[in-house]
Each structure stands twice: as structure tokens, then as C-alpha cells.
Colleague: 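Take a look at this one; I'll ask things after.
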Amino acid sequence: MRLASILPKLSRWTRAALALGGTALLAGCNINFWQMDGHQTTMQTSGPVAKSQLEVFYVTCWVTLVIFLIVGGVLAYATVKFKARNAADEHAEPPEQSHGNPLIEISLIGLSVLSLVIIAIPTIKAIGYTYDVPEEERENAYEVTATGYQWWFKFNYPSEQIDGVGDLVTANELVIPAGRPVRVNLRTLDVIHSFWVPKLAGKVDMIPNRGNHLWMQADEPGYFWGQCAEYCGESHAVMRFRVIALTEEDFAHWVARKKAPARTVEINNADANDLPKAQFASFKPREYGFTDKWDADAEIPPLDNWKQQQFPAKDENSHLIAKGRKLFQEKTCLACHKVRGHEGLGITGPDLTHIGSRTTIAGGLLENNPDQMARWLLHPEIVKPGNKMYTTGYVPNNITLSSEEVSALVAYLESLK
Ligand code: HEC
Ligand SMILES: [Cu+2]
């Protein structure tokens, strides 16, 4: 039976109980309505650009609230005052009509113009302010280029040149210096995407053949959530990214580590006898085994979690890693993914040179841990419908992976710190 046909049959009290239960459920889902402090809230800002956008929102909100109160008040007054109170009223002549009263009409026009002006002044100021880094700060600004792909983001660092290679390149996690304006050049490889980090800045579209930009600044070091905000195809809703803001010193260390080629783990002969058994055999593709370490009430604050991710795991097995590196070539992964210093050459997929040190995989969708990595490699199409790894790589190249092969690939990828 359909829900719609059941509802009217329930008693008033049952319906009230259901409504209350639903509200309690929502409240229990970690949505804090009063503080509005979710990962992607625009109501709690962490930088000057997002703050100026929030201020425009408040101005508009207050002006429209006043209009609502005036219109609602007049409506309520008229409804009560001219209500038919008995049978005779229903057939009475309508009260005197004031249509065309010049005083009322002119003041309505005047009030509308005034409200628009009150909204326009801060809006135009904010458009100018958010458009580019303020003149006096331009010297100090840091520059990165973000490129949208269906359905992930590439980040280039033009000021961090690697000899014989060019820009430092990463994917899906944009690391920036805190307390300093960052100018983000916005590009796209395919369709229109939109770059949005709600607590810092946005949204500005990434348009084919048109160079856009925005700027943002994180006041303090932190871990921020970003999202493509322009419908761009099948997996648009899960096209995400992260912004990690670090102190100037941490940032310099990060750049130095990322400029280095991929990490190579020395073969340790003892590891040959200690190969872990196939780990991912009983993996169920539709099971969302999230242990979401990024959650606001997670045990480890997200930025600390990111910092821990920079270190190699203690239980690495060098033999398994070497096997994974070989499989990375045999399974043609290298054709789409760059692993600088190793065999990976491709540029159509995310750069994997330091994939092990990122906190997310699959365009900010999954937490980067061995389970989720295995899940992504075994069932990319279920995790992220239509993704280009599956549709243009796995299917045409008949890539299938046994659970032993996945264990080795996961060990290899996670070792790339
Ligand atoms: C046809 C090109 C292609 C091939 C072949 C391919 N990939 Fe990918 N891969 C992609 C694309 C494109 C993405 C981004 C998908 C997305 O997030 O929408 C991706 C994403 C990934 C990611 C997540 C990266 C991140 O930063 O989020 C990993 C890890 C990965 N691939 C590993 C592999 C491995 C291992 C193989 C070989 C078994 C492989 N890929 C084969 C194109 C390819
Ligand atoms: Cu997009």
C-alpha cells in the first residue's frame, strides 16, 4: 500500500506522533539546526570572502523579513476586519474600494526602490571585493589553478616548479597556506563545473574556453569541504574535494615533500614469508562501511587526521607493494595515472604520485583507507556511477581484479605517501 493512501486513515494522534518522530530522527542525524554548522554550511565562515558573502545574505534576509511583516500584517488585518461574520454579511456590498489611490501607489513604488537600493549597495560592494584579491594584498597572494574533470578536480601549483617536469600537480585535495590570500584560476577540461568551498568562498563556474578565477583566504589552519556546484552529469552530486589550510611553515614542508618523486619502499626479504592473506574477499559492493573520520564529532579532528595520513603505515609489506607496482603496469592503470618517478605516465586520471597521503579518494567521496581503496578498485561503477575510470578504462580494457591483486594494488597505492 502506498504511503499516501495510508496517511489519511491514521488518527490525528498517530500522525502527530509520526511527525514528532520524524523531527527527532532528523535532529538525531547530526544536523544541528540552530547552529547550522555542518561541513558545508555558509552560516559559519572561516575566511573574509565567505564572510562578505554571508553579510550580503543577512542584508537581503532582513530587508525581505520587513517586507514580509508589512505585507503579512496588511493581509492579516484585511482578513480579520472584512471577514463575513453572519449570513447577512455574505451578501453585503463590498466595502469602499481604494484602487488607484495615488498616495499608496507612490509609497509602494518608493518603498520597493528603497529596499532594492538597500540590498544593492552592499551587494555591489561584495561583488567587487570577492572578484579578486584586494590591490594592497596582491603581492602577498598565492596562486593555484583548479581544473574540473568529470568528476574530480586537478590542482596545479605554478609557483612550485619541479625540474624537468613543470608545475607541482595534485588532485582532489587543495593544500593552501593559511592567513594568506589564495587566487584560484578556474579551468575545466570538459563541461561546466563550479568551484565552491562554502566556508571559504564560491561559487564561480569553471567554463570551457574561458578563464575564470576567484580568491579565498582561510583565517586559520583547517580542513574544509568543497563541492562542484554546477550540474555536470551523472556523478555531479559526488564530485567533491577538500581544502587543507596549513601554517606557512607546515605548508613549506608539504610543498617540499610533494615535489619529491613517488616513494619507493625498499624490498625487505623477511616480508616474503609474511604476506597477508587476501583481505578483501568477502567485500560487499553496496555496503557503505564508512568510518567517517572527518565528522565533526569524530575522535580525531579532521586536520590532525590529515596530518597522520602523511606518515607511512607501520604494517607495510614490501613484497606486496612491489607486486602492486607491477600490477599497476600490467593492468594498464599507468596509462591514465601519473606516478612521478615510477612507471605511471597518464594524465587523464588524477595524479597518484602521493595518493597515500590524501585523506580521500574518488573525488573526495570515500575516506582513504585500505577498505575503501579496495572497494573503489573492485567496484568503481557502483561507488561512482558513470566515472571515466570504469567507462573508458575498465570496460574497454577488460580490467578485472582478483582479491589478491586488489590487496597488492592497495598496498602499493597506500605506500605512495
Ligand atoms: C581510462 C583511464 C583509467 C584507467 C585505465 C584507470 N584509471 Fe584510475 N581513475 C581514472 C579516473 C578518470 C579517475 C577519477 C574518477 C572520479 O573520481 O570520478 C580515477 C581514479 C582513481 C583513483 C582515485 C584517485 C583520487 O585521487 O581520488 C585511484 C586510486 C585509481 N584511479 C587507481 C587506479 C588503478 C589501480 C587502476 C588500474 C587497475 C586504474 N586506476 C585504472 C582513470 C583511469
Ligand atoms: Cu562538476
Side-chain angles (χ1 to χ4, degrees), residues 146-155 169-174 186-196 202-208 226-242 309 323-339 342-370 372-381 383-402 405-416:
T147 310
Y149 285 66
Q150 283 175 317
W151 289 273
W152 58 281
F153 290 89
K154 178 172 96 177
F155 301 115
V169 176
T170 95
N172 296 327
E173 294 196 351
L174 173 62
L186 302 169
R187 306 284 184 266
T188 170
L189 191 90
D190 35 50
V191 299
I192 300 179
H193 301 277
S194 177
F195 185 91
W196 187 35
K203 318 153 176 170
V204 176
D205 278 6
M206 307 165 119
I207 300 176
Q227 164 87 46
C228 172
E230 175 74 47
Y231 179 71
C232 58
E234 255 174 311
S235 273
H236 157 70
V238 290
M239 178 171 172
R240 304 177 186 165
F241 63 104
R242 301 288 191 275
Q309 190 80 20
K323 196 174 148 203
R325 181 166 169 182
K326 220 162 132 243
L327 280 166
F328 196 79
Q329 304 164 55
E330 288 169 13
K331 297 284 174 183
T332 70
C333 319
L334 84 174
C336 299
H337 292 290
K338 178 160 224 150
V339 182
H342 289 190
E343 294 72 25
L345 295 169
I347 51 164
T348 49
D351 189 302
L352 300 182
T353 309
H354 299 285
I355 176 74
S357 64
R358 301 207 278 265
T359 50
T360 62
I361 51 170
L365 175 59
L366 302 177
E367 183 182 327
N368 183 8
N369 60 37
Q372 298 292 2
M373 184 65 95
R375 176 177 170 209
W376 169 245
L377 296 181
L378 280 167
H379 303 285
E381 80 290 4
V383 174
K384 205 168 183 183
N387 75 77
K388 305 284 185 207
M389 172 154 115
Y390 184 68
T391 57
T392 63
Y394 278 40
V395 179
N397 297 327
N398 287 322
I399 299 182
T400 51
L401 302 170
S402 69
E405 287 167 341
V406 166
S407 303
L409 280 167
V410 168
Y412 172 57
L413 293 167
E414 297 295 358
S415 77
L416 298 174

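Note that the coordinates shown come from a computational prediction; the quantities given were computed from them, not determined experimentally. Counting starts at 1 for both ligands and their atoms, in listed order.
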Colleague: Flag the pair E405 and K331 as a salt bridge only when some basic side-chain nitrogen lies within less than 4.0 angstrom of an acidic carboxylate oxygen.
Modeller: yes
Colleague: Kindly indicate whether the side chain of D205, heavy atoms from C-beta on, has any atom under 4.5 Å from the side chain of L186.
Modeller: no
Colleague: Numbering the atoms of ligand 1 from 1, which are under 4.0 Å from a heavy atom of L352?
Modeller: 24 (C), 32 (C)
Colleague: Is T332 in polar range of ligand 1, meaning some N or O pair under 3.5 Å apart?
Modeller: no
Colleague: Would you mind listing which atoms of ligand 1 come within a distance below 4.0 Å of any non-hydrogen atom of C333?
Modeller: 34 (C), 35 (C), 36 (C), 37 (C), 38 (C), 39 (C), 41 (C)
Colleague: What atoms of ligand 1 come within less than 4.0 Å of a heavy atom belonging to M373?
Modeller: 29 (C)
Colleague: Provide the number and element of each atom of ligand 1 under 4.0 Å from a heavy atom of G363.
Modeller: 17 (O), 27 (O)
Colleague: Looking at ligand 1, does any of its N/O atoms fall within less than 3.5 Å of an N/O of N172?
Modeller: yes
Colleague: What I'd like to find out is whether the side chain of E414 reaches to under 4.5 Å of the side chain of N368, using heavy atoms alone.
Modeller: yes
Colleague: Counting N and O atoms only, with roles assigned by atom type, does the side chain of S235 sit under 3.5 Å from a partner on the main chain of P385, one being a donor and the other an acceptor?
Modeller: yes
Colleague: Answer yes or no: is there a donor N or O on one side and an acceptor on the other, between the side chain of E343 and the main chain of L334, under 3.5 Å?
Modeller: no
Colleague: For L189, does the CG atom have more than 12 heavy-atom neighbours from other residues, nucleotides or ligands under 6.0 Å away?
Modeller: yes
Colleague: Taking distance alone, with N or O pairs closer than 3.5 Å, would you say I399 contacts ligand 1?
Modeller: no
Colleague: C336 heavy atoms, cut-off 4.0 Å: which ligand 1 atoms fall inside?
Modeller: 1 (C), 2 (C), 3 (C), 4 (C), 5 (C), 42 (C), 43 (C)
Colleague: For Y394, counting its heavy atoms only, list the atoms of ligand 1 lying under 4.0 Å from any of them.
Modeller: 38 (C), 41 (C)
Colleague: What angle, to the nearest 10°, do the atoms SG (C228) and SG (C232) form about the Cu ion (ligand 2)?
Modeller: 120°
Colleague: Would you tell me which option among V383, L377, T170, T360 has the nearest heavy-atom contact to atom 32 (C) of ligand 1?
Modeller: L377
Colleague: Decide yes or no for D351 and K154: does some side-chain heavy atom of the first lie under 4.5 Å from some side-chain heavy atom of the second?
Modeller: no
Colleague: Go through Y390 and V395 one step at a time and tell me if the side chain to side chain contact (heavy atoms under 4.5 Å, CB included) criterion holds.
Modeller: CA-CA 6 Å; Y390 184 68; V395 179; 3.6 Å; yes
Colleague: Please work out which of the three classes, parallel, tilted or perpendicular, describes the rings of Y412 and H342, given edges at 30° and 60°.
Modeller: parallel
Colleague: Kindly report the SD-the Cu ion (ligand 2)-ND1 angle for M239 and H193 respectively, rounded to 10°.
Modeller: 90°
Colleague: Heavy atom to atom 18 (O) of ligand 1, shortest distance: which of H354, K384, R240 holds it?
Modeller: K384
Colleague: Report the nearest protein non-hydrogen atom to atom 13 (C) of ligand 1: residue, atom name, distance rounded to 0.1 Å.
Modeller: P350 CD, 3.3 Å
Colleague: Tell me, do N387 and Y394 make a side-chain contact under 4.5 Å, heavy atoms counted?
Modeller: no
Colleague: In ligand 1, which numbered atoms sit nearer than 4.0 Å to a non-hydrogen atom of A362?
Modeller: 17 (O), 23 (C), 25 (C), 27 (O)
Colleague: Between R358 and ligand 1, is there a nitrogen or oxygen pair with a distance under 3.5 Å?
Modeller: yes
Colleague: Would you say E173 and F241 make side-chain contact, with heavy atoms under 4.5 Å?
Modeller: no
Colleague: Give the atoms of ligand 1, by number and element, whose distance to some non-hydrogen atom of T392 is under 4.0 Å.
Modeller: 1 (C)
Colleague: What does the angle at atom 8 (Fe) of ligand 1 come to, between atom NE2 of H337 and atom SD of M389, rounded to 10°?
Modeller: 180°
Colleague: I'd like to check R242 versus T360 (side-chain heavy atoms, cut-off strictly below 4.5 Å). Are they in contact?
Modeller: yes
Colleague: What do we get for I355 next to ligand 1 when only non-hydrogen atoms under 4.0 Å count, side chain, backbone, both or neither?
Modeller: side chain
Colleague: Of the listed options (Y149, W376, F241), which comes nearest to atom 15 (C) of ligand 1 when hydrogens are ignored and any heavy atom counts?
Modeller: W376
